[in-house]
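In what follows, a single structure is set out as structure tokens and then discussed.
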Amino acid sequence: MGLTHVGKISKHKGLKGLCLLKLNSGIEIDLNNLKSFYLNIESNLIPIVVEKLSFLNKEHLLVKFKDHDSREKTSYIIGKEVFIENKKVIYDQKHLSNLIGFSVIEKRIKIGEVYDFHEKNQSIIFCKIDNKEVLIPYEKEIVSEIDYVNKEIHVIIPQGLLDL
């Protein structure tokens, strides 16, 4: 299961355990059947069950976690980085410009770097891999994870793509 960094719990909202999640620029989330977030707590990704969830605006989600019904019970998560399963991230072309300079990672090994993108009929990221220009289609079958914290794009490159 791959995870994508989507934002940060920025502050409390009221007294009953509601929190504000500030989303990373360009991130869109499929809220349907989203059951939990993974919070980075002391370098461990801990799942926390979501009780209620709604958009406050394009950049913020209002979140209520199960068994967190007061400010005291949510104080430890303020400022924590938030991750979700990759399948809940809506791949949108709007944020391709944010990926320039990201490392391209395959099987936990850095194989290149993103230096440009194209957004017409087919979204493509341009990468330098082994001193060659490689065009990688920006599709969820190939781009398995985007790690905004470490500036990495994890890919599953189809056989033969690097030979083109």
Side-chain angles (χ1 to χ4, degrees), residues 1-110 113-114 117 119 123-125 127 136-157:
M1 165 186 65
L3 298 175
T4 296
H5 178 256
V6 294
K8 185 181 200 176
I9 302 290
S10 62
K11 64 181 182 177
H12 296 282
K13 193 77 170 160
L15 302 172
K16 306 225 182 217
L18 287 171
C19 296
L20 201 60
L21 167 57
K22 180 164 183 5
L23 296 171
N24 291 336
S25 174
I27 290 289
E28 289 190 40
I29 299 173
D30 178 6
L31 298 183
N32 295 323
N33 301 316
L34 183 63
K35 297 185 182 352
S36 62
F37 285 121
Y38 294 82
L39 274 59
N40 186 352
I41 300 173
E42 296 179 13
S43 299
N44 294 307
L45 292 176
I46 309 296
I48 299 186
V49 176
V50 172
E51 186 175 302
K52 291 181 185 176
L53 187 61
S54 62
F55 279 101
L56 193 59
N57 55 44
K58 284 185 171 184
E59 296 146 2
H60 294 91
L61 286 174
L62 200 53
V63 183
K64 169 80 170 71
F65 295 105
K66 187 173 184 177
D67 300 326
H68 291 73
D69 56 3
S70 68
R71 279 181 171 243
E72 292 76 27
K73 289 184 179 177
T74 58
S75 62
Y76 76 99
I77 63 174
I78 302 301
K80 301 299 184 210
E81 301 294 327
V82 178
F83 297 79
I84 63 171
E85 293 178 30
N86 288 340
K87 64 185 178 185
K88 290 295 183 180
V89 176
I90 298 171
Y91 285 83
D92 186 1
Q93 298 173 4
K94 286 187 273 185
H95 71 288
L96 289 180
S97 62
N98 295 335
L99 303 179
I100 294 175
F102 277 37
S103 298
V104 178
I105 310 292
E106 184 178 42
K107 298 178 184 170
R108 299 182 186 193
I109 298 170
K110 179 180 176 180
E113 187 172 300
V114 176
F117 63 96
E119 300 184 294
S123 296
I124 297 171
I125 52 176
C127 306
I136 298 176
Y138 187 72
E139 297 179 5
K140 61 183 174 182
E141 293 81 18
I142 296 172
V143 178
S144 62
E145 178 181 355
I146 300 174
D147 181 344
Y148 287 90
V149 173
N150 296 310
K151 297 191 177 216
E152 297 175 342
I153 296 176
H154 295 259
V155 296
I156 302 167
I157 296 181

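Heads up: numbering here begins at 1 and tracks the sequence. This structure is a prediction, so every number in the text was calculated from the model and none was measured.
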Within a strict 4.5 Å, meaning less than it, do heavy atoms of the [X] and [Y] side chains meet?
X: F83; Y: V6; value: no
X: V63; Y: F37; value: yes
X: K66; Y: S36; value: no

Steps toward side chain to side chain contact (heavy atoms under 4.5 Å, CB included) verdict (V50, F65): CA-CA 4 Å; V50 172; F65 295 105; 4.2 Å; yes
For [X] against [Y], the heavy-atom pair lying closest together:
X: V114; Y: C127; answer: CG2-SG, 4.1 Å
X: C19; Y: I78; answer: SG-CD1, 4.3 Å
X: T74; Y: G17; answer: CG2-O, 3.5 Å
X: H68; Y: Y76; answer: NE2-OH, 2.8 Å
X: K110; Y: S103; answer: CE-OG, 3.5 Å

Donor-acceptor under 3.5 Å (S10 side chain, L20 main chain):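 Flag set: sc S10 to bb L20 pair under 3.5 Å.
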Once rounded to the nearest 0.5 Å, what's the spacing between atom [atom1] of [X] and atom [atom2] of [Y]?
X: E106; Y: I156; atom1: CD; atom2: CD1; answer: 8.0 Å
X: E113; Y: I105; atom1: CD; atom2: CD1; answer: 10.0 Å
X: N57; Y: L23; atom1: CG; atom2: CG; answer: 8.5 Å
X: L21; Y: K11; atom1: CG; atom2: NZ; answer: 13.0 Å
X: I125; Y: I136; atom1: CD1; atom2: CD1; answer: 5.0 Å
X: L39; Y: I77; atom1: CG; atom2: CD1; answer: 6.0 Å

With E72 via side-chain hydrogen bond (donor to acceptor under 3.5 Å, both in side chains) - residues at least two apart: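 For E72, the residues satisfying side-chain hydrogen bond (donor to acceptor under 3.5 Å, both in side chains) (neighbours in sequence not counted) are S70.
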K80 NZ: over 12 foreign heavy atoms closer than 6.0 Å: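 Correct, the count exceeds 12.
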Heavy atoms from other residues, nucleotides or ligands near NZ of K64 exceed 12 (cutoff 6.0 Å):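 More than 12 within 6.0 Å, yes.
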